[in-house]
There are 2 protein chains.
Amino acid sequence: MATRTAAQKRAEAKMEYDAFLAECPSRQLLDRISDKWVALVLAALGGDDVYPGSDRAGGPVPMRYSELARRLAGVSQKMLTQTLRSLERDGLVTRSVTPTVPVTVTYELTGLGISLHRAIRGIKLWAETHMDEVIANRERYDAPPEG
Amino acid sequence: MATRTAAQKRAEAKMEYDAFLAECPSRQLLDRISDKWVALVLAALGGDDVYPGSDRAGGPVPMRYSELARRLAGVSQKMLTQTLRSLERDGLVTRSVTPTVPVTVTYELTGLGISLHRAIRGIKLWAETHMDEVIANRERYDAPPEG
DNA sequence: CAGGATCCCGCTAGATACTG
DNA sequence: CAGTATCTAGCGGGATCCTG
């Protein structure tokens, strides 16, 4: 088929693309924090306040699974577990199991996790500073068609 | 049904959750940069080098649609257009149409876009600094089951 | 050249149920 | 309490065709 050449070109381009992305750390990190819940878990464990404005650092605070589940109300167990697993895997949080009668599992940021949390708070700061501007731009863009 | 109470509780929790998230700029920004291509477009328009290590700032560089398409090889027109639209909407990039024979469309970072780009480069820096550590942690985590 | 419209697939998030 | 296992729906995103 004549159409295959186009498809092939795309495939090739994609290969190259994927290749250089695999090397790019920022891309990998982006994949990481792009996970809807990662930033939120980090924020929670980092003692971050959820409300804008109060940008106090407050040291990292260990939390239990159920605490996190409450804090991130709306998250499914699946997502929470999955997120925590990946964070543990990357060495951003530690997972401690205390063999009490009902098992107790505690999560806590590692040094690495804290440093990332800090970097992300930079983004948060940007957002808090400029987000209203963005909102305004959106409204202007979505403005009534007639002028 | 007895099971409905559980569902309701979840629904309520989700409502609250969504409510406070809507107020949280960092969450909204996350939604923004979570889009697979946003960061890459920003990087391209920001004159960022794709390769790690070379973290030179190099001023923002205007690019045409086709240039961007080439730069982000592998992206579909749909995604590229969609991404550029949302960025334009948020006032992060400008879109200039020059009515030449074949239409010429140029995209460029706005001041706002530049500032976000800068913030994201902070993350990039973190990644370049700590990513190898993360990789190592992963390998350790995925290590052979036997000791 | 830049991008709109459409079809469609795959993945992933979410809900439910079960377990140690 | 802290998960695991399974099923499913929704939609993000890619491919293709078409337009100005």
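Below, chain A is the first sequence line, B the second, and so on; all start at residue 1. Please read all numbers here as calculations on a predicted model, not as lab measurements.
- Annotation: the span from B:Thr110 atom OG1 to B:Asp90 atom CG amounts to 10.0 Å, rounded to 0.5 Å.
- Side-chain contact between A:Leu42 and A:Leu116 is present, with heavy atoms from C-beta onward closer than 4.5 Å.
- Look at CZ on A:Arg70: it is 11 Å from C1' on D:dC1, rounded to the nearest Å.
- With sequence neighbours left out, the side-chain hydrogen bond (donor to acceptor under 3.5 Å, both in side chains) criterion links B:Arg89 to A:Asp142.
- Remark on DNA chain C: of its neighbouring residues A:Met79 and A:Pro102, the 5'-side contact belongs to A:Met79, judged by nearest-heavy-atom nucleotide.
- Contacts of B:Gln82 with the nucleic acid, taken as non-hydrogen atoms under 4.0 Å apart, are absent.
- Annotation: side-chain hydrogen bond (donor to acceptor under 3.5 Å, both in side chains) contacts involving residues 61-70 of chain B, sequence neighbours excluded, comprise B:Tyr65-B:Thr81.
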Polar atom pairs (N or O), protein with nucleotides 9-11 of chain D, under 3.5 Å:
none

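- Of the side-chain N and O atoms in A:Trp37, one or more sit less than 4.0 angstrom from OP1 or OP2 of C:dG14.
- Taking the side chain as every heavy atom from C-beta outward, B:Leu45 and B:Glu108 never approach each other to under 4.5 Å.
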Show the distances under 3.5 angstrom between N or O atoms of the protein and N or O atoms of nucleotides 2-5 of chain D.
unit_1 : atom_1 : unit_2   : atom_2 : d
D:dA2  : OP1    : A:Arg64  : NE     : 3.1
D:dA2  : OP1    : A:Arg64  : NH2    : 3.2
D:dA2  : OP1    : A:Val105 : N      : 3.4
D:dA2  : OP2    : A:Ser66  : N      : 2.9
D:dA2  : OP2    : A:Ser66  : OG     : 2.7
D:dG3  : OP1    : A:Arg95  : NE     : 3.2
D:dG3  : OP1    : A:Arg95  : NH2    : 2.5
D:dG3  : OP2    : A:Tyr107 : OH     : 2.6
D:dG3  : O3'    : A:Arg85  : NH2    : 3.4
D:dT4  : OP1    : A:Arg85  : NH2    : 2.9

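- Between A:Val61 and A:Met63 the shortest side-chain heavy-atom distance falls below 4.5 Å.
- Among pairs with a residue in residues 92-101 of chain B, those fulfilling side-chain hydrogen bond (donor to acceptor under 3.5 Å, both in side chains) read B:Arg95-B:Tyr107, B:Thr100-B:Thr104, at least two apart in sequence or across chains.
- The environment of CZ in A:Arg118 is sparse: at most 12 heavy-atom neighbours from other residues, nucleotides or ligands sit within 6.0 Å.
- Between B:Leu112 and A:Asn137, the closest side-chain pair of non-hydrogen atoms falls below 4.5 Å.
- End-to-end axis angle for the helix from C:dC1-D:dG20 to C:dG20-D:dC1, using five pairs per end and rounding to 10°, comes out at 50°.
- Put simply, the side chain of A:Leu109 does not reach to within 4.5 Å of the side chain of A:Leu92, judged on heavy atoms.
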